[in-house]
Amino acid sequence: MAPPTTDPTAPGIDWRRLGSLVTGQAAVQAGSFALLIAMSWTAVQLGGRGAVTAVTLAATLPRALLLLFGGALTDVLGPRALLLRATSVRVLVLAAGAVVTATTHTLWPLVVIALADGILLGLTGPAAGVLLPYLASKEHLGRANSLFSMVLRLAPIAGSPLGAWLVVVGGLPVAMGAAAAGCGLWLACAAHVTRGMPRPEPAAQGPSLLRRSGDGFRLLAAHPRLRWMFVACFAMDLAFLWPAEVALPLRAAENGWGVGAVAVVLAAFSTGALASAALGAALAHRVPVPVKLVLTGVGLAAGTGAMALVPSPGVLAGTAAAVGLLSGLNGPALVTAYQQAVPEGKMGAAMSTFALSGIGAAPLSLALFTPVSLHLGVTGTWLLCAGVALVSPIAAAVALRAAPEKAPGRSTPDRIRTAPESTVTSV
C-alpha cells in the first residue's frame, strides 16, 4: 500500500494527515472510554453484577473474535473503504442507541448496542492500525508512533471522568450522543487521512477471506524478525499488567499506604510516559534503535523489579516515574519495529494479530500471575514479572539480528498490492 504522497523529496512525515489522525483518534477514543464508564454504571443500576458482565462480554468478545477477520478485510478492501463504511455505521448505531436508551430503561438495548459496537470496532481496529506507516517514512515512523501513543495514554485519563460527568449531567443517552459525536469527528478525519489511498488490486485466485483471517499467525510463523518483535511486545504487556492492576493495590493495602498511594504511583508513571512520548515525537528518529528497543527494555525490567522492593510510597512513585520515562520511549519503538517488519501487503493481517495480543495480555496476565502469587507472595510475583519483562529486550535483540522483511512505506509504488497467498502496545 502506498501513502497519498510518494514524492521522494517530501518531508519524512505528512503532518497534516497525521494531525487529522491524532485528532480523530483522540475524539473517538475519549468518547469510547466515556461510553464504557456510562454503560457500566447504567448496567449496575439495571441489574447489578450480572448485567455488567453481560454488557462487558457483549462488547469485548465480538471485538476480539473479529479482529483477525478485520485484518484480512483491510488487506482486501484497503483501509479507506473499510474505515469509512464501518465508522459511518457506528455513528448511526450510537445515535440510534442514544434515542433508544432515552426512551427504554431496560438492559437489552445496552447489550445489543454493546454487541454491535464491539463488532464494528473489531472490524475497523486493524484498518486504523495500518495508517501510520503510510504517513511517515521508515526513519520517522518512531516519531509518529510516539505522538500517537500520547493520544492512547490520554484517552482513558480524559474519557473516564468525562463518562462519569456525562452520566451525572444527562445519563447514558447523553454519553452515547457524545460518543457518536466523537465517532463522527473521527469519520471526517479518517476521510482526510485516507484520501487518495486506492483499493488493493483483487487477487486472481486467492484463498477465501475466512482462510486469510489466519494470515497474521502464518506471518509470525514464517518471518523471524516479525515473530521476535511480536514476542518482545507481548512479553512487555504481559509483565506490566499484573503489577499495575493487582500487585500495586495489594501492596498499598498491606503497608497501610491507602488508595491515594495507588493513584499517585499510577499518575507518576503516566506523567513520565507522556513526557518521554512527547520527547520521542520530536527526537525519536535521532535515538539509535538498539537504545530504544534493548537498553530501555532492560531498564524497564530493572525498574519493575525495583518497584517491588522500594520501602515507601514516595520512592515507589519516583521509581514509577522513571519507569514511565523509559516506557514512553520503548513502547512506541516496539510498535514501530513491529510495523517495519511486516511484509508488503500484509499490514492488516499483522496488525490484527498484534491488536489481539494486546487484548489478550490483560486476562492472561491476571490468570497466570494471580495463582502464582499465592505461593510466591506479592513481592516474589512482582519480581517474576520483572523477569518476564526482561524477555522483551532479549527478543528485540534477536529480532534486530534477523533478516528484515520489505515493509510498506512512503517509498513503495503508488498502488496497493494484495498477495494471492494465504499492529498502540499498552506499555
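What you are looking at is a predicted structure, and each value in this text was computed from that prediction instead of being measured.
Looking at heavy atoms from C-beta onward, Ile113 lies in side-chain contact with Thr101 at the 4.5 angstrom threshold. Residues Leu132 and Asn145 have side chains in contact (heavy-atom distance under 4.5 Å, counting atoms from C-beta outward). Annotation: side chain of Leu162 is in contact with side chain of Leu166 (closest heavy-atom distance under 4.5 Å). In this structure, the side chains of Pro133 and Met347 come closer than 4.5 Å at one or more pairs of heavy atoms. Taking the side chain as every heavy atom from C-beta outward, Asp117 and Leu35 approach each other to under 4.5 Å. Residues Leu120 and Val89 form a side-chain contact, since some pair of their non-hydrogen atoms from C-beta on lies under 4.5 Å apart. A 4.5 Å side-chain heavy-atom check between Leu376 and Phe369 finds every atom pair outside the cut-off. Side chains of Leu300 and Ser392 form no contact here, defined as non-hydrogen atoms less than 4.5 Å apart.
Distance alone, capped at 3.5 Å, places no donor-acceptor pair between the Thr304 side chain and the Ala386 backbone. In this structure, the side chain of Arg227 engages the main chain of Leu220 through a donor-acceptor pair within 3.5 Å. Between the side chain of Ser40 and the main chain of Ile37, no donor-acceptor pair closer than 3.5 Å is present. Looking only at distances, a side-chain donor or acceptor of Arg225 sits under 3.5 Å from a matching main-chain atom of Ala402. Side-chain N or O atoms of Asn255 include one that pairs as donor or acceptor with a backbone N or O of Arg251 at under 3.5 Å. Checked by atom type and distance alone, the side chain of Arg17 pairs as donor or acceptor with a backbone atom of Val193 at under 3.5 Å. Side chain of Ser327 to backbone of Val323: no donor-acceptor contact under 3.5 angstrom is found.
Annotation for Leu110 and Ala43: closest pair CD2-N, 4.0 Å, computed over non-hydrogen atoms. In this structure, Leu115 and Pro62 approach most closely via the heavy-atom pair CD1-CG, 3.7 Å. Contact detail for Pro311 and Trp257: the closest heavy-atom pair is O-CZ2, 3.7 Å. Shortest non-hydrogen contact noted between Ala389 and Pro393 is O-CD, 3.1 Å. Scanning all heavy atoms of the two residues, the minimum distance from Val262 to Pro249 falls at CG2-CA, 3.9 Å. Minimum heavy-atom separation, Thr124 to Ala86: CG2-CB, 3.2 Å.
Put simply, CD1 on Ile119 and CZ on Phe69 are 11.5 Å apart, with the number rounded to the nearest 0.5 Å. With rounding to the nearest 0.5 angstrom, the CG atom of Leu135 is 13.5 Å from the NE2 atom of His140. Put simply, CG on Leu147 and CZ on Arg143 are 9.5 Å apart, with the number rounded to the nearest 0.5 Å. Note that the CZ atom of Arg85 and the CG atom of Leu73 stand 9.0 Å from one another [nearest 0.5 Å]. Expressed to the nearest 0.5 Å, how far CZ of Arg16 lies from CG of Asp14 amounts to 6.5 Å. Rounded to the nearest 0.5 Å, atoms CG (Leu123) and CG (Leu83) are 10.5 Å apart.
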* To do: Dump the intermediate steps for side-chain hydrogen bond (donor to acceptor under 3.5 Å, both in side chains) on Trp242 and Thr370, then the final yes or no.
  => CA-CA 8 Å; Trp242 190 84; Thr370 298; 3.2 Å; yes

* To do: Give the C-alpha distance, both sets of side-chain angles, the deciding distance and a yes or no for side-chain contact (heavy atoms from CB on, under 4.5 Å) between Val167 and Leu172.
  => CA-CA 6 Å; Val167 168; Leu172 180 59; 6.0 Å; no

* Apply side-chain contact (heavy atoms from CB on, under 4.5 Å) to the pair Val388 and Leu238, showing each step before the final yes or no. => CA-CA 8 Å; Val388 173; Leu238 184 69; 4.3 Å; yes

* Output, in order, the C-alpha distance, side-chain angles, deciding distance and verdict of ring-ring contact (aromatic ring centres under 6.0 Å, His included) for Phe354 and Tyr338. => CA-CA 9 Å; Phe354 184 76; Tyr338 180 85; 4.8 Å; yes

* **Ser32/Arg90 under side-chain hydrogen bond (donor to acceptor under 3.5 Å, both in side chains): CA gap, chis, key distance, verdict** => CA-CA 11 Å; Ser32 294; Arg90 188 173 182 234; 3.1 Å; yes

* Asked: Going through the checks in order, is the side-chain contact (heavy atoms from CB on, under 4.5 Å) test met by Asn330 and Lys292?
  -> CA-CA 5 Å; Asn330 178 266; Lys292 292 186 291 185; over 6 Å; no

* To do: Dump the intermediate steps for side-chain contact (heavy atoms from CB on, under 4.5 Å) on Phe148 and Leu18, then the final yes or no.
  => CA-CA 9 Å; Phe148 192 68; Leu18 181 60; 5.8 Å; no

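In the displayed structure, Trp228 atom CH2 is contacted under 6.0 Å by at most 12 heavy atoms of other residues, nucleotides or ligands.
Considering Val315, Leu316, Leu383, Thr319 in turn, Leu383 is the only one that fulfils the side-chain contact (heavy atoms from CB on, under 4.5 Å) rule with Leu309.
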